[in-house]
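Since the structure comes first, as structure tokens, the remarks are kept for the end.
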Amino acid sequence: MPTNDELATLLEEMADLLDARDVEYKPTAYRRAAENVREYPEPVEELADDGEDAVAEINRVGDAIAAKLVEYVETGEIEELEALREELPVNMAALTSVEGVGPKTVGTLYDELGVTDLDELEDAARNGEIREIKGFGPKTEQNILDGIDFARQAHQRTLLGTGRPLGEAARDFLAGIDAVDAAELAGSNRRWKETIGDVDVLAASTDGEAVVDAFLEWENSTETIESGPTKASLRTGDGVRVDLRVVDPSEFGAALQYFTGSRDHNIHLRNVAIDRDLKLNEYGCFDVSAVDDPDSGQRVGDRVAGETEAGMYEALDLPLIPPELRENAGEIEAARDGELPNLVEESEIRGDLHAHTEWSDGDATVEEMAFGAAEFGHDYLAITDHAEGPGVFGNTGLSPEEVREQADEIEAARDALADEGHDLELLHGVETNVDAEGELSTPDDLLAELDVVVVSPHAALGQDRGEATERLIAAVEHSETDILGHPTGRLINERPGLSPDFERLAEAAADAGTALELNANPSRLDLPDSAVRVAVEAGATIVIDTDAHRPGAFSEARFGVHTARRGWAETDDVLTARDAEGVRAFLDQ
Ligand code: DGT
Ligand code: CA
Ligand code: CA
Ligand code: ZN
């Protein structure tokens, strides 16, 4: 049975193929429908069983698209899609993952050169064939060549935003199996890395076979990769591999420590153990001081720890090191010296200073976003719709007049909040743009009227390091800038974005009293973890925002929080961990 995600992916494929065939309007309609299908809280497949009208109840899904979805659920294919696929037999996902190559370009490259996949694209570029196509030229050809390697790597790792919920679902499923005492995520997922190679889950049980058998029947599994008495690997509909290991409850802590990694953290920790005549492995921590050959077996010597993970660290006189820090980047030394950071926590986030509404490219009204934030438990929310400017597509960006008009609607939403007894503080801001030269695209007098000014790079994201650094420093030093939004502009697995000198940028931000955003959208996670670490060391303030385009996105803050933790950010470093008064003080400085 097709999941919402699969249905949405089909609609997106339709959109791309229609785009490649230069069909107007329809692609946008398909993409918007796809977004709403993907996020629909119930299985769309069940609506399809009730017919087209039921499906057309979904926001932005019109009759024509509803009919296609019903057709797919009933027959297993969409006739128009099959015809489009035949007409354009290309690997659309792979080709469009090259920066600067969109569906239309794919259409042209197929028509002119017969390019269907990345290898053929690379050959065509190397042979100088692309520059010969009308409207392309040597520069486009070089850009394509530059982007191919990045695109090749991209499809091998899954975004945390997909991998984490999938891992949590696997863990929860395991925890519900009778024979399971405890279940936990491990691997890069537990460390909250921005992308994951595969999902690792652990279960504590004395009956491995029962757990493996039940696990292979998990509804998200589409393929069994391998299975044995205490381990199994399966693949889900998204193509993600999930590795399960079942261990005895007495060894759960040791296995959890081992399989959480990272590999380099474990190697370093094992050396700390060896120096103390201890042996550390996935079965426990063993005192081998009286053992002639510690390598003679896995469980030799006296066992001193293994049941709990904290016990494994304690055996080395170390406090439990948070999984996000386990990258062998100084965390073992910090733990030894009692200097682990006081990391920011999910529960400490009190508001959001970057959100969009229907006024620009959001999906909800000002009031819906405000109520969504209040119901999520926030103390404050800033509405920061896009201002017109470079990189803001179509007519979604607001003119200065429109930003001023929006103030009335913000005021009305404040009244509505008060009427319902919500004490959410609603701030009025804007997300304006910094162009390639460091100029903002909104007049200063308007910016001065607003509560919050987010300045973000949206175009010219291929600048070199020097240019990017100067441009972003100019943005943070602008007297009206409060927040530098998604500083690199990267989209994980899609485009690398800017790579400025983060140390200089952070120093400038700290001096100017401008916060650097950690945009929590899982496609962005921008600042990246490594840049967060540089920024907090330089004394800059980080602001964890979701850049929400709908109320459901406020919960994505957690991806930002854990990325901040990977960057060693403490509570004090994070603006949105402050109360409304603290935020106002920061904005007013
Ligand atoms: P990924 O899946 O590429 O995002 O990264 P991880 O860290 O999840 O790596 P994975 O799935 O290969 O293995 C999970 C953990 O198991 C890893 O973080 C550490 C541990 N591990 C696996 N193989 C080894 C190994 O050969 N040596 C050591 N020390 N640890 C290992
Ligand atoms: Ca993994
Ligand atoms: Ca694995
Ligand atoms: Zn933006």
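Counting starts at 1 for both ligands and their atoms, in listed order.
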Only heavy atoms count here, so choose which of Ala255, Gly261, Ser262, Ser188 is nearest to atom 4 (O) of ligand 1.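 Among Ala255, Gly261, Ser262, Ser188, the closest heavy atom to atom 4 (O) of ligand 1 belongs to Ser188.
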
Any idea which of His265, Arg270, Glu282, Gln257 brings a heavy atom closest to atom 29 (N) of ligand 1?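 The residue whose heavy atom sits nearest atom 29 (N) of ligand 1 is Arg270.
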
Does a donor on one side chain and an acceptor on the other come within less than 3.5 Å for [X] and [Y]?
X	Y	result
Asn521	His549	no
Glu346	His562	yes
Asn266	Gln257	yes

Which atom name does Asp198 have for its N/O/S atom nearest to the Ca ion (ligand 2)?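 Going through the N, O and S atoms of Asp198 one by one, OD1 ends up nearest to the Ca ion (ligand 2).
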
Please find the N/O/S atom of Asp200 nearest to the Ca ion (ligand 2) and write down its name.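 Atom name of the closest N, O or S in Asp200: OD2.
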
Can [X] and [Y] be counted as an ion pair, charged N to O under 4.0 angstrom?
X	Y	result
Arg524	Glu517	no
Arg191	Glu331	no
Glu327	Lys193	no

Find out whether the Lys NZ or Arg CZ of Arg164 is both under 6.0 angstrom from the six-membered ring centre of Phe559 and within 45° of the ring's axis.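 No, Arg164 does not lie over the aromatic ring of Phe559.
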
Using the ring-ring contact (aromatic ring centres under 6.0 Å, His included) rule, collect all pairs that involve residues 219-239, keeping only residues at least two apart or in two chains.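 Qualifying pairs, neighbours excluded: none.
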
Atoms in ligand 1 flagged as close to [X], the criterion being non-hydrogen separation under 4.0 Å:
X	value
Thr260	18 (O)
Arg191	7 (O), 18 (O)
Gly187	8 (O)
Ile196	4 (O)
Gly197	1 (P), 2 (O), 3 (O), 4 (O)
Arg157	1 (P), 3 (O), 4 (O)

Please check whether Thr195 reaches ligand 1 - meaning an N/O of the residue sits under 3.5 Å from an N/O of the ligand, judged on distance alone.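 Thr195 vs ligand 1: no N/O contact under 3.5 Å.
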
What's the count of protein N, O or S atoms under 2.8 Å from the Zn ion (ligand 4)?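 Number of qualifying protein atoms: 3.
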
Residues in ring pair (Phe, Tyr, Trp, His ring centres under 6.0 Å) contact with His386, at least two apart in sequence or another chain: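 Counting only residues at least two positions away or on another chain, His386 forms a ring pair (Phe, Tyr, Trp, His ring centres under 6.0 Å) with His356, His458.
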
Set of residues satisfying ring pair (Phe, Tyr, Trp, His ring centres under 6.0 Å) with respect to Phe376, sequence neighbours excluded: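 Checked Phe376 against ring pair (Phe, Tyr, Trp, His ring centres under 6.0 Å); matches are His378.
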
Could you point out which residue of Glu431, Glu556, His354 forms a side chain to side chain contact (heavy atoms under 4.5 Å, CB included) with Asp545?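 Running side chain to side chain contact (heavy atoms under 4.5 Å, CB included) over Glu431, Glu556, His354 with Asp545 returns exactly one hit, His354.
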
Report the part of Asp200 (side chain from C-beta onward, or backbone N, CA, C, O) that has a heavy atom under 4.0 Å from ligand 1; answer both or neither where that applies.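 Side chain only.
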
Below 4.0 Å from ligand 1: does a non-hydrogen atom of Lys193 turn up there or not?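 Lys193: no contact with ligand 1 (<4.0 Å).
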
Run the numbers on Glu226 and Arg241 for salt bridge (Lys or Arg N to Asp or Glu O under 4.0 Å), then give the verdict. CA-CA 11 Å; Glu226 55 185 313; Arg241 175 187 172 116; 3.2 Å; yes

